[in-house]
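In what follows, chains carry the letters A, B, and so on, assigned in the order in which the sequence lines appear, proteins first and then strands, with residues in each chain numbered from 1. What you see is a predicted model; the values in this text were computed from it and never measured.
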2 protein chains.
Amino acid sequence: MGCDETRWLEPRELDTWLAFVAATTLLDAELDRQLQRDAGMPHAYYQVLAMLSDVPQRRLRMSELAAITQSSQSRLSHAVARLEREGWVRRTPCPSDRRSTYAELTEAGFAALEAAAPGHVSTVRKYLFDRLTPEQVGQLHEISKAVLSGLGIDPDATTMPTALAEAERRRHP
Amino acid sequence: MGCDETRWLEPRELDTWLAFVAATTLLDAELDRQLQRDAGMPHAYYQVLAMLSDVPQRRLRMSELAAITQSSQSRLSHAVARLEREGWVRRTPCPSDRRSTYAELTEAGFAALEAAAPGHVSTVRKYLFDRLTPEQVGQLHEISKAVLSGLGIDPDATTMPTALAEAERRRHP
DNA sequence: CTGAAGTAGTTGAGAACTCAACTCTAGCAC
DNA sequence: GTGCTAGAGTTGAGTTCTCAACTACTTCAG
């Protein structure tokens, strides 16, 4: 019969897949562990602070912030609630659209980020960039962008200047 | 002063890092969503069943299983508890070492895996391998192995035959 | 202006994970 | 043998995340 239409992974693909899953799983765990231990926050929260720090006025609407951190609205809402309890982020209502809320990095939040950054960056170096040749960095960039576009994401939207332009354009089309 | 010894990421590296984090975060979320929706299990649990299915007798010691699924012992213990409640895995004591426990795939577990596999594989294809050229698959494999070895993992240990040999050798050195 | 549909954000319940503390067993020194 | 250190696994508390339901506001058709 015409059963089993599934196109399984070829051996090369399977090996690649298993290695890729293992590498990303462990790398992510390592990043979380380092940040949690040394800075008291998981990687996802670091990203929130980092994105806010890199933006004019150090504030963004919740939905913009969710978009550039690859977070669901719900997840971001819980995250910001925690960051706010910590005193690292402040929520303020948006005057022009009263549905919206600004998330704004506080001084304490900026200080926490500055304290966390060196350890985080050196972890990223240690486990990723130090192991790769310059060509491999380029390859990884291309591969990541290819995957992103497959997920319906404009690959430039993960880079701050463009991410902002995107968000801006979305509001004033 | 000689402060700020941190070697920050260069622009190329930063772009690569942001794209990589975004891609892996979203890809992982997509895999979890697909499996949770269509098979009632997260990706991590799928991996447990998949690894067990691929092994003689469809059973492994908990610690071996933890190693090849990149899981902490605690995480695996919780996971297997859930899979056991579901009737997909059975725990049996190991006679030769009474500290150890076997996790064994049940018939129902095998059936659940068989039912889940096509959808999972086609998601992996759709969002990863379909977007990559054959060269990029090779590059991704090399990059993943480089990262794994940086994490102190033998990259071959994610491939089943070798993973078993490793575990075997560890027991009878 | 009214109401329908869409957008922004929050909330609560439950699932999954982390960390540290714990039990039980093995292997080894003496 | 006795005691000591190490290994295998579990547990519980606390944290983060997901999903679905919800509120509140905006936009736009008519």
Could you list all N or O pairs between the protein and nucleotides 14-18 of chain D that sit under 3.5 Å apart?
residue : atom : partner  : partner atom : Å
dT16(D) : OP1  : Arg82(A) : NE           : 3.2
dT16(D) : OP1  : Arg82(A) : NH2          : 2.6
dT16(D) : OP2  : Arg82(A) : NE           : 3.4
dT18(D) : OP1  : Arg75(A) : NH1          : 3.0
dT18(D) : OP2  : Arg75(A) : NH1          : 3.1
dT18(D) : O4   : His78(A) : NE2          : 3.2

Would you mind writing out the side-chain donor-acceptor pairs for residues 134-141 of chain B within the sub-3.5 Å range, not counting sequence neighbours?
residue   : atom : partner   : partner atom : Å
Glu135(B) : OE1  : Thr133(B) : OG1          : 3.3
Gln136(B) : OE1  : Thr133(B) : N            : 3.1

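- Between Gln73(B) atom CD and dG9(D) atom C1' the separation is 6 Å, expressed in whole Å.
- Here salt bridge (Lys or Arg N to Asp or Glu O under 4.0 Å) pairs that include residues 106-117 of chain A, with residues two or more places apart or in two chains, are Arg58(A)-Glu107(A).
- At a threshold of 4.0 angstrom between heavy atoms, the contacts of Arg91(B) are confined to the sugar-phosphate backbone, with no base atom among them.
- Applying the ring-ring contact (aromatic ring centres under 6.0 Å, His included) test to Tyr46(A) and every residue at least two apart in sequence or in another chain returns His120(A).
- Partners of Glu84(B) under the side-chain hydrogen bond (donor to acceptor under 3.5 Å, both in side chains) rule, at least two apart in sequence or in another chain, are Arg91(B).
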Return a table of donor-acceptor pairs under 3.5 angstrom between the side chains of residues 75-82 of chain A and protein atoms on other chains or two or more places apart.
residue  : atom : partner  : partner atom : Å
Arg82(A) : NH1  : Glu86(A) : OE1          : 3.1
Arg82(A) : NH2  : Gly40(A) : O            : 3.3

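- Reading DNA chain C from its 5' end, the first and the last nucleotide to sit under 4.0 Å from a heavy atom of chain A are dG6(C) to dC19(C).
- Judged as a side-chain hydrogen bond (donor to acceptor under 3.5 Å, both in side chains), and not counting sequence neighbours, Arg131(B) has no contacts.
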If you restrict it to nitrogen or oxygen atoms, what contacts under 3.5 Å exist between nucleotides 25-27 of chain D and the protein, and what is each distance?
residue : atom : partner  : partner atom : Å
dT26(D) : OP1  : Arg98(A) : N            : 3.2

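- Arg99(A) pairs by the side-chain hydrogen bond (donor to acceptor under 3.5 Å, both in side chains) definition with Asp97(A), not counting sequence neighbours.
- Residues in residues 8-17 of chain B take part in these salt bridge (Lys or Arg N to Asp or Glu O under 4.0 Å) pairs, two or more places apart or across chains: Arg125(A)-Glu13(B).
- With sequence neighbours left out, the side-chain hydrogen bond (donor to acceptor under 3.5 Å, both in side chains) criterion links Arg33(A) to no other residue.
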### Message
Determine whether Gln34(B) and Asp38(B) satisfy the following criterion, side-chain hydrogen bond (donor to acceptor under 3.5 Å, both in side chains), listing intermediate values before the conclusion.
### Response
CA-CA 6 Å; Gln34(B) 184 273 323; Asp38(B) 298 342; 3.0 Å; yes
